[in-house]
Amino acid sequence: MRTLEIPAGGRLPVLGLGTWRFGEDPSERRAEVAAVRSAIAMGYRLIDTAEMYGEGGAEDVVGQAIAEALRAGDVAREQLFVVSKVYPHNASRKGTPAACARSLARLGLDRIDLYLLHWRGEHPLAETCEAMRELVADGRIAHWGVSNFDTDDMEELATVCGETADCAANQVYFSMSERGPEFSLLPWQRQRGMPMMAYSPIDQGALAADAALQKMAGRLGVTAAQLALAWVIAQPGVAAIPKAGREAHLRENLAAADLQLSADVLAEIDRLHPPPRRKKPLAMI
């Protein structure tokens, strides 16, 4: 699996598993744990979750799956890159470490590899930044970052926290049909060597039904979803975390990481889904 370098050191896989909507329905728990186990067995090493997902339920699912995979010898802990996120209302100076402790307990881990502020809230960024840095110093997280931050938010973060290399990533909604971040946010992050993590990179499955994209993908011998996903991770400095709960979709997404898109294909995609010509508000789901 190709990886991206994190500014403060370390590597981020370009493709991972998202777990939004996991942990919401107890009757789905067994299937969701099995999905994460299958993903790990297939070779997924990046797993993204959040305390918001199922109010901790997704972290419970991920924690159980990781524990089972470790016991079975499917993977070593150091091979996994686990991402979670703190609710904005918990992201105060004291609330952040308390929320992190709860997430660690649900995940059954002693360290989260990347801990993100899920979106901006009421607490000053300086407080959150200070709390995140202390968690790194204590070894409870390896890296910290943000999510749903636009260019002006990132500039403010740099001003408040200092233009340093320890903000590891920004996770935003980015896809072939939602290319807004390309105008200013992605260039800003590239200048600083900061990876962008794309959530909903297939538009929650909508791009799989895009007729023009299906026709194009058919000529390439792949599915529209694979083409959409391959396009996202073909962008320099971008990783993607599509959610998948079925083994067929997990395998389909993983295979997209090996697709090489030619200049002609990229140009055709630009005609189907043009890049932004002006700044617009950051999209969120």
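- Put simply, the side chain of R45 gets close to the backbone of I40: a donor and an acceptor are under 3.5 Å apart.
- For Q64, the side chain to side chain contact (heavy atoms under 4.5 Å, CB included) partners are R29, V33, E68, not counting sequence neighbours.
- When every heavy atom of L213 is checked against every heavy atom of L207, the shortest pair comes out as CD2-O, 3.7 Å.
- Residue P187 comes nearest to P181 through the heavy atom pair CD-O, 3.9 Å, listed as atom of the first residue, atom of the second, then distance.
- In this structure the side chain of L227 never reaches within 4.5 angstrom of the side chain of L259, judged on heavy atoms.
- Using a 4.5 Å heavy-atom cutoff, the side chains of E252 and L229 are not in contact.
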Could you give the side-chain donor-acceptor pairs of residues 273-285 under 3.5 Å, partners two or more places apart or in another chain?
{"residue": "H273", "atom": "NE2", "partner": "D210", "partner atom": "OD2", "Å": "3.0"}
{"residue": "K279", "atom": "NZ", "partner": "D150", "partner atom": "OD1", "Å": "3.1"}
{"residue": "K279", "atom": "NZ", "partner": "D150", "partner atom": "OD2", "Å": "2.7"}

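- With T128 contributing its side chain and A91 its backbone, the two residues share a donor-acceptor pair below 3.5 Å.
- For the pair D48 (side chain) and G18 (backbone), a donor-acceptor distance under 3.5 Å is absent.
- Side-chain contact of E51 with S84: a donor-acceptor pair under 3.5 Å is absent, judged by distance alone.
- Here the side chains of Q204 and W20 are in contact, with some heavy-atom distance below 4.5 Å.
- M42 and L254 get closest at one heavy-atom pair: O-CD2, 3.4 Å.
- Remark: I241 CD1 to L17 CG distance equals 9.0 Å, nearest 0.5 Å.
- In this structure the side chain of F149 reaches within 4.5 angstrom of the side chain of L125, judged on heavy atoms.
- Atom CZ of R30 is surrounded by 12 or fewer heavy atoms from other residues, nucleotides or ligands within 6.0 Å.
- In this structure, the side chain of N90 does not engage the main chain of G95 through any donor-acceptor pair within 3.5 Å.
- Annotation: side chain of V62 is in contact with side chain of T49 (closest heavy-atom distance under 4.5 Å).
- Screening residues 135-146 for salt bridge (charged side-chain N to carboxylate O under 4.0 Å, His left out) gives D138-R140 as the qualifying pairs, with residues at least two apart or on separate chains.
- Residues satisfying the ring pair (Phe, Tyr, Trp, His ring centres under 6.0 Å) criterion with F174, sequence neighbours excluded, are W231.
- For E182, the side chain to side chain donor-acceptor pair (under 3.5 Å) partners are R179, not counting sequence neighbours.
- With rounding to the nearest 0.5 Å, the separation of OH in Y87 from CH2 in W119 is 6.0 Å.
- The hydrophobic cluster containing V136 also contains M194, counting ILVMFWY residues as joined when their side-chain heavy atoms lie under 4.5 angstrom apart, directly or transitively.
- Between the Y199 side chain and the A240 main chain, no donor and acceptor come within less than 3.5 Å of each other.
- Side-chain N or O atoms of H118 include none that pairs as donor or acceptor with a backbone N or O of N148 at under 3.5 Å.
- The main-chain N or O of P201 is never found under 3.5 Å from a side-chain atom of S175 such that the two would form a donor-acceptor pair.
- Under the 3.5 Å distance criterion, the side-chain polar atoms of Q214 are left unmatched by any main-chain donor or acceptor of A224.
- Side-chain polar atoms of E127 and S92 form no donor-acceptor pair below 3.5 angstrom.
- Note that the CG atom of N170 and the CG atom of D153 stand 8.5 Å from one another [nearest 0.5 Å].
- Judged as a side-chain hydrogen bond (donor to acceptor under 3.5 Å, both in side chains), the pairs with a partner in residues 254-268 (not counting sequence neighbours) are, in order, R219-E268.
- Checked options D110, L135, I141, I112; the residue passing with L104 is I112 (criterion: side-chain contact (heavy atoms from CB on, under 4.5 Å)).
- Judged as a side chain to side chain contact (heavy atoms under 4.5 Å, CB included), and not counting sequence neighbours, the contacts of E78 are A76.
- Note on F183: it does not cluster hydrophobically with L266, by side-chain heavy-atom contacts below 4.5 Å among ILVMFWY residues.
- For the pair A257 and L15, the tightest heavy-atom approach, listed with the atom from each and the gap, is CB-CD2, 4.0 Å.
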Output side-chain donor-acceptor pairs under 3.5 Å for residues 155-162, partner residues at least two apart or in another chain, one line each.
{"residue": "E156", "atom": "OE1", "partner": "R120", "partner atom": "NH1", "Å": "2.8"}
{"residue": "E156", "atom": "OE2", "partner": "R120", "partner atom": "NH2", "Å": "3.2"}
{"residue": "T159", "atom": "OG1", "partner": "E155", "partner atom": "O", "Å": "3.0"}

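- Going from atom NE2 of H89 over to atom CE of M52 covers 11.0 Å, rounded to the nearest 0.5 Å.
- Here the shortest heavy-atom pairing between A35 and G245 reads CB-O, 3.5 Å.
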CA sep, side-chain torsions, deciding dist, call: M197, L12, side chain to side chain contact (heavy atoms under 4.5 Å, CB included): CA-CA 10 Å; M197 297 181 69; L12 176 72; 4.0 Å; yes

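- Of the possible donor and acceptor atoms, one in the side chain of S147 sits under 3.5 Å from a partner among the backbone N and O of Q171.
- For the side chain to side chain donor-acceptor pair (under 3.5 Å) test, no residue two or more places apart in sequence or in another chain qualifies with R190.
- Within the 4.5 Å cutoff, the side chain of L80 has no heavy atoms near those of the Y44 side chain.
- In this structure Y53 satisfies the side chain to side chain donor-acceptor pair (under 3.5 Å) test together with K85, sequence neighbours excluded.
- Listed by chain and residue number, nothing satisfies the side chain to side chain donor-acceptor pair (under 3.5 Å) test with R2 (two or more places apart in sequence, or in another chain).
- With E130 contributing its side chain and R93 its backbone, the two residues share no donor-acceptor pair below 3.5 Å.
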From CA spacing to verdict: side chain to side chain contact (heavy atoms under 4.5 Å, CB included), L70, V75: CA-CA 6 Å; L70 292 175; V75 70; 4.1 Å; yes

Full working for side chain to side chain contact (heavy atoms under 4.5 Å, CB included) between D113 and R111: CA-CA 6 Å; D113 298 292; R111 184 194 74 251; 2.9 Å; yes

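- Considering CZ of R37 and CG of D74, their distance stands at 5.0 Å, rounded to 0.5 Å.
- Residue H123 holds its NE2 atom at 15.0 Å from SG of C129, rounded to the nearest 0.5 Å.
- Under the 4.5 Å side-chain criterion, counting only non-hydrogen atoms from C-beta, M132 is in contact with V86.
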Verdict with supporting geometry, I269 and M216, side chain to side chain contact (heavy atoms under 4.5 Å, CB included): CA-CA 9 Å; I269 289 171; M216 184 179 175; 3.5 Å; yes

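- Using a 4.5 Å cut-off on side-chain heavy atoms (C-beta onward), V14 and M1 make contact.
- Pairs passing the salt bridge (charged side-chain N to carboxylate O under 4.0 Å, His left out) check and including a residue from residues 224-249, sequence neighbours excluded, read E247-R251.
- For the residue pair G145 and L114, the shortest heavy atom distance occurs at N-CD1, 4.0 Å.
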